[in-house]
Amino acid sequence: MAERGTAGLTVRTIARAAGVADGLLYNHFADKEELLATAPRAHVVTVEQDLGALPDPGAETVEANLRAYLAHSLAMHQAVLPAFVGLIGQPGVLARFGELDEHGENRLTGYLRGEQEVGRIAADARV
């Protein structure tokens with residue numbers, strides 16, 4: 001995906017890159033949408049790992065941490081958005097991608113709640 005984007009992402013392309021028969025992929029995925037959604041998810045995970053860790057609540061200052069979260073978010077979007085352009089016309093794949101989200105809560109929201117717990121952000125602040 002980093003090399004070719006998602007416009008030409010097909011089951012056949014993935015199978016060829018993996019060195020397996022097309023049909024073998026369906027032993028691991030329910031359908032084409034799940035398979036094609038898993039590839040961008042893996043790309044996002046790789047990009048996140050390359051960007052490094054985000055600061056924990058209580059580290060540095062809240063302002064510095066928010067700047068770090070903003071820089072991380074911008075770098076993430078810059079790295080992954082081009083890959084998703086080809087998926088705009090595949091709403092089924094995009095829907096399946098959304099179902100694969102492992103984080104549940106937005107990372108920034110989780111960070112802000114953590115800052116509330118350590119008392120650096122008001123407990124009644126809307127995060």
Side-chain angles (χ1 to χ4, degrees):
M1 284 186 54
E3 296 170 7
R4 300 180 191 150
T6 55
L9 188 63
T10 64
V11 172
R12 180 171 301 223
T13 304
I14 294 170
R16 297 295 174 267
V20 300
D22 301 6
L24 182 64
L25 294 175
Y26 291 108
N27 291 339
H28 303 282
F29 301 96
D31 53 32
K32 178 181 175 182
E33 284 75 23
E34 181 183 6
L35 170 62
L36 295 180
T38 301
R41 182 71 200 135
H43 179 59
V44 168
V45 169
T46 299
V47 169
E48 285 177 332
Q49 291 170 345
D50 290 346
L51 290 176
L54 288 163
D56 291 323
E60 297 294 329
T61 65
V62 173
E63 179 181 352
N65 291 343
L66 289 175
R67 288 181 187 277
Y69 270 81
L70 178 60
H72 185 277
S73 180
L74 291 172
M76 172 64 101
H77 282 87
Q78 183 178 14
V80 300
L81 284 179
F84 281 84
V85 170
L87 295 178
I88 299 284
Q90 298 186 52
V93 175
L94 289 174
R96 292 302 282 274
F97 175 82
E99 294 169 3
L100 295 175
D101 184 20
E102 299 167 357
H103 302 300
E105 182 176 64
N106 176 299
R107 287 183 181 191
L108 179 58
T109 302
Y111 162 75
L112 293 171
R113 290 189 197 289
E115 289 289 7
Q116 283 179 317
E117 290 173 11
V118 297
R120 297 192 339 161
I121 294 179
D124 62 346
R126 289 183 51 209
V127 297

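All figures in this text were calculated on a predicted structure; none of them were measured in a lab.
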Can you name the side chain to side chain donor-acceptor pair (under 3.5 Å) partners of Q49, sequence neighbours left out?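 Once residues adjacent in sequence are excluded, Q49 has no partner under the side chain to side chain donor-acceptor pair (under 3.5 Å) criterion.
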
Task: Contacts of type side chain to side chain donor-acceptor pair (under 3.5 Å), residue D31, not counting sequence neighbours - done: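 So D31 forms a side chain to side chain donor-acceptor pair (under 3.5 Å) with R96.
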
Under the salt bridge (charged side-chain N to carboxylate O under 4.0 Å, His left out) definition, can you give me all pairs with a residue in residues 62-81, not counting sequence neighbours?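 For residues 62-81, and leaving out neighbouring residues, the salt bridge (charged side-chain N to carboxylate O under 4.0 Å, His left out) pairs sorted by first residue read E63-R67.
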
Using side chain to side chain contact (heavy atoms under 4.5 Å, CB included) as the criterion, list what pairs up with [X], not counting sequence neighbours.
X: A53; result: none
X: A64; result: E60, T61
X: A21; result: none
X: L70; result: L74

Minimum heavy-atom distance [X]-[Y], with the two atoms named:
X: L100; Y: R41; result: O-NE, 3.9 Å
X: A37; Y: V93; result: CB-O, 3.6 Å
X: R107; Y: L54; result: CD-CD1, 4.0 Å
X: Y111; Y: V62; result: OH-CA, 3.7 Å
X: N65; Y: P55; result: OD1-CB, 3.3 Å

Less than 3.5 Å apart, which donor and acceptor atoms pair up between the side chains of residues 22-30 and the rest of the protein, not counting sequence neighbours?
{"from": "D22", "atom 1": "OD1", "to": "R16", "atom 2": "NH1", "distance (Å)": "2.8"}

* Asked: Are the side chain of T38 and the backbone of E34 linked by a donor-acceptor contact shorter than 3.5 Å?
  ->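 Between the backbone of E34 and the side chain of T38 there is a qualifying donor-acceptor contact (under 3.5 Å).
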
Q) Is there a donor-acceptor contact under 3.5 Å from the side chain of H77 to the main chain of S73? A)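 Judged by distance alone, yes, a pair lies under 3.5 Å.
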
For the CG atom of L108 and the CZ atom of R113, what is their distance to the nearest 0.5 Å?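 Reported to 0.5 Å precision, the distance equals 10.5 Å.
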
Check: About how many Å separate CD of E33 and CD of Q90, when rounded to the nearest 0.5 Å?
Finding: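 If we round to the nearest 0.5 Å, Q90:CD and E33:CD are 8.0 Å apart.
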
Listed by chain and number, what are the salt bridge (Lys or Arg N to Asp or Glu O under 4.0 Å) partners of E115, not counting sequence neighbours?
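Counting only residues at least two positions away or on another chain, E115 forms a salt bridge (Lys or Arg N to Asp or Glu O under 4.0 Å) with R120.
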
Next on the checklist: Are L87 and F97 packed together at the side-chain level, in the sense that at least one heavy-atom pair is separated by less than 4.5 angstrom?
Outcome noted: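 They are not in contact (no side-chain heavy atoms under 4.5 Å apart), so the answer is no.
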
Among Ile, Leu, Val, Met, Phe, Trp and Tyr joined by side-chain contacts under 4.5 Å, find the other residues sharing a cluster with I88 and list them by chain and number.
->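 Joined to I88, directly or through intermediates: none.
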
